[in-house]
Amino acid sequence: MFGIPGKQAVSITPKAATQIAKLMARDGHQGLRVGVKKGGCAGMEYTMDYVTDVNPLDEVVEVEGARVMIAPMAQMFLFGTEIDYETSLLESGFKFRNPNVVDACGCGESIKFDETLKAQ
């Protein structure tokens, strides 16, 4: 919907692709759907859900056996985002490097987008 011909909506690092492929294989899911919702102290939060059926309106990105679907209402907010998977001594999880984010809360769990994105 909001894509540029020849350019994927999001990029997926090799570590994230490996983790997504493991999650898909574990229970036979079709992939992970990434979206955004209102919430958190900065105003918006990322969502990730297992997908059993692909929505034809989703933007689908496939890398090295990993499949990510971007929910239609989230496409304009996530375009250009890099999805990574990081592991540290205290935690592990997916990290989003999103050029559309203008602010984030201190804990990094919620984000704020440029107001012009909401007007489009």
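Residue numbers count from 1 along this sequence. When reading the values below, keep in mind they use all heavy atoms of this one structure, side chains included, and skip hydrogens, waters and symmetry mates.
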**Prompt:** Taking C-beta and beyond as the side chain, do F96 and I83 meet within less than 4.5 Å on heavy atoms?
**Reply:** yes
**Item:** T81 vs F79, side-chain contact (heavy atoms from CB on, under 4.5 Å): CA-CA, chis, key distance, verdict
**Value:** CA-CA 6 Å; T81 298; F79 191 79; over 6 Å; no
**Message:** Going by the rule side-chain contact (heavy atoms from CB on, under 4.5 Å), which residues pair with A17 if we only count those two or more places apart in sequence or in a different chain?
**Reply:** I12, V63, E64, A66
**For K95, all residues meeting salt bridge (charged side-chain N to carboxylate O under 4.0 Å, His left out), sequence neighbours excluded** = E91
**Request:** Name all residues meeting the side-chain hydrogen bond (donor to acceptor under 3.5 Å, both in side chains) criterion together with E82; count only those two or more places apart in sequence or in a different chain, and write none if there are none.
**Result:** R97
Please report, to 0.1 Å, the donor-acceptor pairs under 3.5 Å made by any side chain of residues 23-37, with sequence neighbours excluded.
{"unit_1": "R26", "atom_1": "NH2", "unit_2": "Y50", "atom_2": "OH", "d": "2.7"}
{"unit_1": "R33", "atom_1": "NE", "unit_2": "D58", "atom_2": "OD2", "d": "2.8"}
{"unit_1": "R33", "atom_1": "NH2", "unit_2": "D58", "atom_2": "OD2", "d": "2.7"}

**Item:** Side chain proximity check, L78 to Y46, heavy atoms < 4.5 angstrom
**Value:** yes
**Qualifying residues under side-chain hydrogen bond (donor to acceptor under 3.5 Å, both in side chains), relative to S11, sequence neighbours excluded** = none
**Item:** Minimum-distance pair of heavy atoms, taken over all atoms of Q19 and F94
**Value:** CG-CZ, 3.7 Å
**Prompt:** Can you list the other members of the hydrophobic cluster that holds V60, where links are side-chain heavy atoms under 4.5 angstrom apart?
**Reply:** V51, V54, M69
**Item:** Least distance between heavy atoms, G80 atom then P99 atom
**Value:** O-CD, 3.4 Å
